[in-house]
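Some notes on the structure that comes next.
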Amino acid sequence: MKLSTPSRIALRTIALLYLTVLLAVPIVTILWRTFEPGLATFWASIRTPAAISAFNLSLLIVAITVPINVVFGVVTALALVRGRFPGRRLLSGIVDLPFAVSPIVVGVSLIMLWGVHGWFGGLANLGIQVIFGLPGMVIATIFVTLPFVVREVEPVLHEIGTEQEQAAATLGASRWQTFARITLPAIRWGLTYGIVLTVARALGEFGAVIMVSAGFPGVSQTLTLLVHSRYMDDHNVHGAYSAATLLMFLAIVTLLLMTVLDRKRPAAQSAALPATIAPAPTPDPAEDTPRSAA
Amino acid sequence: MISVTNANKRYGTFQALDDVSLEIPAGTLTALLGPSGSGKSTLLRAIAGLEDLDSGSVVIAGQDVTHVPPQRRGIGFVFQHYAAFKHMTVRDNVAFGLTIRKRPKAEISKRVDELLEVVGLAGFQHRYPAQLSGGQRQRMALARALAVDPQVLLLDEPFGALDAKVRDDLRRWLRRLHDEVHVTTVLVTHDQEEALDVADRIAVLNAGRIEQVGSPDELYEQPANPFVMSFLGSVSRLNGEVARPHDLRIERDQQRAAAEAQRTGVHVTEAVVERLVRLGFEVRVELSHTTHAGEQFFAQLTRAQAAELQLAIGDHVYVLPTRTLPTEEEFPALAV
């Protein structure tokens, strides 16, 4: 279907307006409010002990979540793609659960499980505080970010099949060597993508984390919680904007990273990347005639 | 030498291997030939250890390897779709087995150079598989399999994914390579021409069983049963005889045909020329019986023979075989 010029322009205008009102205006407002009082004020408000602690806590949660999700995500993806066991479909459904369940429900259920009166509440009496402590926030974050690595790695595993791994086995590679040398390099782009999405989601998680955090400034506040508490409790509007900007900055770094990787991905999978190593003329059909087997 | 004894393999209700026993002499190039689903690939993968047998045993060079994983069977395996390691250069692909074995760098380098020379990929060592043609990828896969000095080389429809021309060339190249390297080789194929062309010995499989094992000539000339007979090449059914299409003689003169038939003790079949097809050097004459109306068969003549006979569509001719195969009733019942 070919659109006439006026309707094309009209459609573009609508799309642009939509994006402007919903995305650009709020973000620009936040940036404007953040930097309106000057850079020094902004700097000061993100250098308070509470802000530094929130920044560190957010990164700490990411640093714990990512490796755990990578290991279990890859193992789960392998089980889903390669495994032949009863309940495989059920497992596949469970992996998607965090997409369907509201994070706040996750928070509530974690309290029911790990809280003082919960099933595993006995741990609190042993001095291990899960709820209102770091472990609770990490568990909540892992829950909401669980599907990303699995869902990014799964299709790649499907695509590469098992022949390369079988070939490696016939050449003498042990299971671990095959995984490290064949499977892992083959899934690395899917895995990288999954990690980037996990980082972005872990940084931005609010609903589940607020339920299980004690919320003490400087102790158990993540950046999202800091934004919330500064705005709602302290009525420190500028402080909230500054923290939000900081959070946005982290998210943008993650997104940029993803874009750069995304641009690299097709290149690495086609012949273009290796071409920089050895100038490669297109394979000549005549080369198919085997040379003498001397 | 490889011996497989009483091998059974079942996938659900499908019997892939049904009490298969096979001996493959050392140094030979043996083809496992059969239609799809005949169990030929399963048998090859069982020899490689990529498939576990339900029962039965596999012995390679005197060692019972039935419960030995593929890593320690001393095999080289080549897959139909190359199974190239896509993220590695040609050189790293070929070196893989030696790198895993932690051989000294200099030794690996020397061996890889040698092999790349043998398979004609010396100038391609820094390419990635994506930059190679199908034929080149398969030669790389062969070099990779040969790098570890396997006791046996197992090829699973290695040329199945290639163009006809490339397939022909590679087939001949493989034969030459085998004559030089002498590694015991087993090749799976569904292409009887490939098997006849390249193998010293052929084992014909059908429905999980071995129908016949022998040299290409034996199988072609003395098939043990109707399946082997028709799988190894076309057959033409005449009045009372079965023959290969190129073993048919066409006469225009009834007297001469009768005299010739008398002399060799065969029947004469009257037929009508339905169609003439030129296939390069050969001419395929499609005929229909005049006695059993509608039943068709064909004869293959050389161009010279066809020219001499001056055949035209609708001509009445007399056909007699110069060499016959057993008819269905003549096969011993137990062979089927």
Side-chain angles (χ1 to χ4, degrees), chain A residues 82 84 156-192 264-294, chain B residues 45 48-50 69-73 75-89 96-101 117-128 130-136 139 141 144-145 147-148 150 154 162-163 165-166 169-170 172-174 176-177 179-180:
Chain A
R82 304 279 165 78
R84 292 283 166 271
V156 188
L157 277 175
H158 261 298
E159 194 193 307
I160 60 169
T162 55
E163 273 205 344
Q164 289 186 51
E165 290 167 15
Q166 288 177 2
T170 64
L171 290 166
S174 67
R175 269 167 189 258
W176 173 248
Q177 283 172 320
T178 303
F179 178 77
R181 287 166 185 261
I182 306 298
T183 317
L184 203 55
I187 62 172
R188 70 179 184 280
W189 295 109
L191 188 57
T192 312
K264 259 188 165 175
R265 177 145 77 160
Q269 282 174 351
S270 76
L273 185 68
T276 59
I277 300 160
T282 45
D284 180 358
E287 280 299 337
D288 254 323
T289 320
R291 295 166 183 186
S292 92
Chain B
R45 293 172 63 83
L50 294 172
Q71 285 89 341
R72 289 188 278 114
R73 288 199 182 192
I75 52 154
F77 200 98
V78 173
F79 297 80
Q80 179 177 4
H81 298 287
Y82 329 121
F85 302 144
K86 289 182 186 145
H87 59 285
M88 292 184 197
T89 61
F96 187 83
L98 297 169
T99 315
I100 289 290
R101 285 167 177 71
E117 195 65 46
V118 169
V119 301
L121 289 174
F124 297 85
Q125 46 175 317
H126 297 299
R127 294 263 187 106
Y128 282 79
Q131 297 168 305
L132 301 180
S133 68
Q136 289 170 332
R139 280 182 283 145
R144 184 175 72 182
V148 295
L154 307 171
L162 302 169
D163 297 342
K165 171 83 172 68
V166 180
D169 289 343
L170 260 184
R172 229 150 283 144
W173 174 82
L174 174 71
R176 282 205 306 275
L177 183 75
D179 292 341
E180 277 166 34

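In the text below, chain A, chain B and the rest are named by the order of the sequence lines, each starting its count at 1. Fair warning: this is a prediction, and the values are worked out from it, not measured in the lab.
Only the backbone of A84(B) comes within contact range of chain A, judged by heavy atoms closer than 4.5 Å. Heavy-atom distances place both the backbone and the side chain of Q164(A) under 4.5 Å from chain B. For R72(B), no part lies near chain A; criterion is any non-hydrogen pair under 4.5 Å. Contacts between F85(B) and chain A at a heavy-atom distance below 4.5 Å involve backbone atoms as well as side-chain atoms. Of the two parts of A141(B), neither the backbone nor the side chain holds a non-hydrogen atom closer than 4.5 Å to a non-hydrogen atom of chain A. Within the 4.5 angstrom heavy-atom criterion, no atom of T162(A) approaches chain B. Residue I75(B) touches chain A through both its backbone and its side chain, counting heavy-atom pairs closer than 4.5 Å.
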- Message: Determine whether F179(A) and L184(A) satisfy the following criterion, side chain to side chain contact (heavy atoms under 4.5 Å, CB included), listing intermediate values before the conclusion.
- Response: CA-CA 6 Å; F179(A) 178 77; L184(A) 203 55; 3.9 Å; yes

- Task: With side chain to side chain contact (heavy atoms under 4.5 Å, CB included) as the test, would you mind laying out the steps for T170(A) and L50(B) before giving the verdict?
- Result: CA-CA 8 Å; T170(A) 64; L50(B) 294 172; 4.1 Å; yes

- Carefully, step by step, assess T89(B) and R127(B) under the rule side chain to side chain contact (heavy atoms under 4.5 Å, CB included). CA-CA 5 Å; T89(B) 61; R127(B) 294 263 187 106; over 6 Å; no

- Take Q166(A) and R45(B) through the test side chain to side chain contact (heavy atoms under 4.5 Å, CB included) and record every step on the way to the result. CA-CA 10 Å; Q166(A) 288 177 2; R45(B) 293 172 63 83; 3.0 Å; yes

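The greatest number of non-hydrogen atom pairs below 4.5 Å with chain A, out of H87(B), R172(B), R73(B), M88(B), is found for H87(B). Comparing G49(B), A83(B), P70(B) by how many heavy-atom pairs each has under 4.5 Å with chain A, the most go to A83(B).
Looking only at side-chain heavy atoms (C-beta outward), L157(A) and T183(A) come within less than 4.5 Å of each other.
Between I160(A) atom CD1 and E165(A) atom CD the span is 5.5 Å, to the nearest 0.5 Å.
More than 12 heavy atoms of other shown residues, nucleotides or ligands fall within 6.0 angstrom of atom CZ in R101(B).
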